[in-house]
Amino acid sequence: MAREPLLTQPQKGFLLHAFTASGAIAGLLSLSAVMNGHVRAGLIWLIVCQLIDGFDGPLARRIDIEIHAPQIDGHILDLVVDYVTCVVVPVALLIELDMLPRGREFWFAGLIIFTGALWFARTDQETEDHWFNGFPAAWNIVVPTLLILDANNPTKELAILFLCGLSLSKVQFPHVVRVIKFRSITLSIATIYFVALTWLSAQFPDGPSWLKPILILAPLYIVGLSIWKTWFAEVK
C-alpha cells in the first residue's frame, strides 16, 4: 500500500510561494546589515536573494504551481520580490555606502529606480526562447561588483547610464539558466562568476585579487552574447 505524500500539491505550491516571498526578507536583512555597518553581511544576504531567485523558478515549473496554487500569481509575486531585491535594495546600498558622487546621488539613484520600474512593467520582458528584452535590472549583481572592484566615480556613472539605457532597449540579454544556445558555456561562466562573487563578498573588503578579473570577464561575455543575439543571430 502506497504511503500518502507528506504534503499535497497545493500545500507544496503555497510553500514555494512563501519561499519566493522570503527573498524580500533577505533583501531587508541585506539593507539592515549595511545600515548597521556590516557590509560583508549585507553582500552575503544579497547572494541569498540570488539563490532564492535562482531556485524558485525551476521548482515552480516542476510542480506546475499555476495549477496547484492558483490563488497567488507566482509571476507577479516574483516581479514584486525581484524589484525589491534587484533594484530597491541595491540602490539603497549605493546611497548608504556613499558609492555615488555627492550632489548627484539622487539623480543616478532615481534613474535606476525609474528605469527598473519600467523594465519590470514591460509586456515584452522575455522572448519565447527566453531572452530578456533590455537589461533586466539586475542591480543586485552590478552594485556589489562595482563595490568589490572599487570602481571610480566616472566608471560607476557610465555603468549606470549605460545599463539604464539598455533597460529600455530591445537589446536581448540571456536568461542564463533557460536559454538553450551556448547553455553549457553560459552556465559554466555564470557559475564561476557566482562563486567568485560569493567568495569576494564573504571576505570583503579583502579576498584574493586574482578572482576580481572574473567579475569583469563574465559580464563581458554576457554583453558579447547579447550583441550576437541582437544584431547577428537573425542574419541569414
Side-chain angles (χ1 to χ4, degrees), residues 12-13 16-17 19-20 23 46-47 49-70 72-87 90 112 114-143 145 159 162-197 214-236:
K12 291 179 181 178
L16 185 53
H17 285 315
F19 177 66
T20 299
L46 271 185
I47 295 291
C49 292
Q50 293 180 45
L51 287 171
I52 293 172
D53 187 45
F55 281 108
D56 65 352
L59 289 172
R61 289 186 288 274
R62 183 174 181 178
I63 67 172
D64 293 326
I65 198 168
E66 292 181 357
I67 298 173
H68 298 294
I72 297 176
D73 190 316
H75 179 64
I76 293 178
L77 175 62
D78 192 56
L79 291 179
V80 170
V81 173
D82 282 354
Y83 185 69
V84 171
T85 60
C86 297
V87 180
I112 295 173
F114 175 73
T115 56
L118 290 176
W119 188 84
F120 275 103
R122 285 182 70 153
T123 58
D124 64 342
Q125 264 186 19
E126 193 173 328
T127 65
E128 291 183 359
D129 53 349
H130 307 301
W131 292 77
F132 294 117
N133 279 314
F135 170 65
W139 296 101
N140 59 329
I141 295 174
V142 175
V143 171
T145 297
F162 180 65
L163 293 174
C164 284
L166 286 180
S167 285
L168 306 180
S169 74
K170 284 283 191 176
V171 176
Q172 296 186 356
F173 286 74
H175 188 303
V176 296
V177 175
R178 303 190 70 187
V179 166
I180 296 175
K181 192 71 173 178
F182 306 124
R183 176 184 281 174
S184 59
I185 299 174
T186 302
L187 274 177
S188 298
I189 290 176
T191 301
I192 292 170
Y193 174 88
F194 185 76
V195 170
L197 182 63
I214 296 174
L215 302 189
I216 299 174
L217 296 175
L220 286 177
Y221 166 78
I222 295 297
V223 169
L225 195 57
S226 299
I227 292 172
W228 168 81
K229 179 63 168 66
T230 305
W231 284 286
F232 299 103
E234 302 303 327
V235 177
K236 303 297 182 181

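All values reported here derive from a predicted model rather than from experimental measurement. Both backbone and side-chain heavy atoms feed into the values below; hydrogens, waters and symmetry mates do not.
- With contacts defined as side-chain heavy-atom distances shorter than 4.5 Å, the pair Trp131/Thr230 does not qualify.
- In terms of heavy atoms, Thr191 sits closest to Leu187 at OG1-O, 2.7 Å.
- Shown here is Phe162, whose CZ atom has no more than 12 heavy atoms of other residues, nucleotides or ligands within 6.0 Å.
- For Ile76, the side chain to side chain contact (heavy atoms under 4.5 Å, CB included) partners at least two apart in sequence or on another chain are Asp73, Val80.
- Counting heavy atoms from C-beta outward, Lys229 and Val179 have side chains that stay 4.5 Å or more apart.
- Annotation for Trp139 and Cys164: closest pair CZ2-SG, 3.8 Å, computed over non-hydrogen atoms.
- Between the side chain of Ser169 and the backbone N or O of Gly134, no donor-acceptor pair lies under 3.5 Å.
- Atom CZ of residue Phe132 and atom OG of residue Ser167 lie 11.5 Å apart, to the nearest 0.5 angstrom.
- The two atoms that bring His17 and Leu77 nearest to each other are O-CD2, 3.4 Å, heavy atoms only.
- Here the straight-line distance linking atom CG of Asn140 with atom OG1 of Thr145 works out to 9.5 Å at 0.5 Å rounding.
- Here CZ of Arg183 is found 8.5 Å from NE2 of His130. Values are rounded to the nearest 0.5 Å.
- Annotation for Leu220: atom CG counts as buried by contact number, over 12 foreign heavy atoms lying within 6.0 Å.
- Between the CG atom in Asp53 and the SG atom in Cys86 there is a gap of 6.0 Å [rounded to 0.5 Å].
- Heavy-atom minimum distance, Pro136 versus Phe120: O-CZ, 4.5 Å.
- Counting all heavy atoms, side chain and backbone alike, Leu46 lies closest to Thr85 at CD2-O, 3.9 Å.
- With rounding to the nearest 0.5 Å, the separation of CZ in Arg178 from CD in Glu126 is 5.5 Å.
- The structure places CD of Gln172 at 13.0 Å from CD1 of Ile227, a figure rounded to the nearest 0.5 Å.
- The side-chain contact (heavy atoms from CB on, under 4.5 Å) test with Tyr193 is passed by exactly one of Ile216, Ile141, Ile222: Ile141.
- Judged by distance alone, the side chain of Trp119 and the main-chain N or O of Gln125 form no donor-acceptor pair under 3.5 Å.
- Shown here are the side chain to side chain contact (heavy atoms under 4.5 Å, CB included) partners of Phe182, two or more places apart in sequence or in another chain: Thr186, Tyr221, Leu225, Trp228.
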Report task. Determine, step by step, whether Thr115 and Phe135 satisfy the side-chain contact (heavy atoms from CB on, under 4.5 Å) criterion, reporting the C-alpha distance in whole Å, the side-chain angles of both residues, the deciding distance to 0.1 Å, and the verdict. Result -> CA-CA 10 Å; Thr115 56; Phe135 170 65; over 6 Å; no
Requested in this report: Start with the C-alpha gap between Lys181 and Asp129, add the side-chain angles, then the distance that decides, and say whether side-chain contact (heavy atoms from CB on, under 4.5 Å) holds.
Outcome: CA-CA 9 Å; Lys181 192 71 173 178; Asp129 53 349; over 6 Å; no
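- Scanning all heavy atoms of the two residues, the minimum distance from Ile112 to Val87 falls at O-CG1, 3.9 Å.
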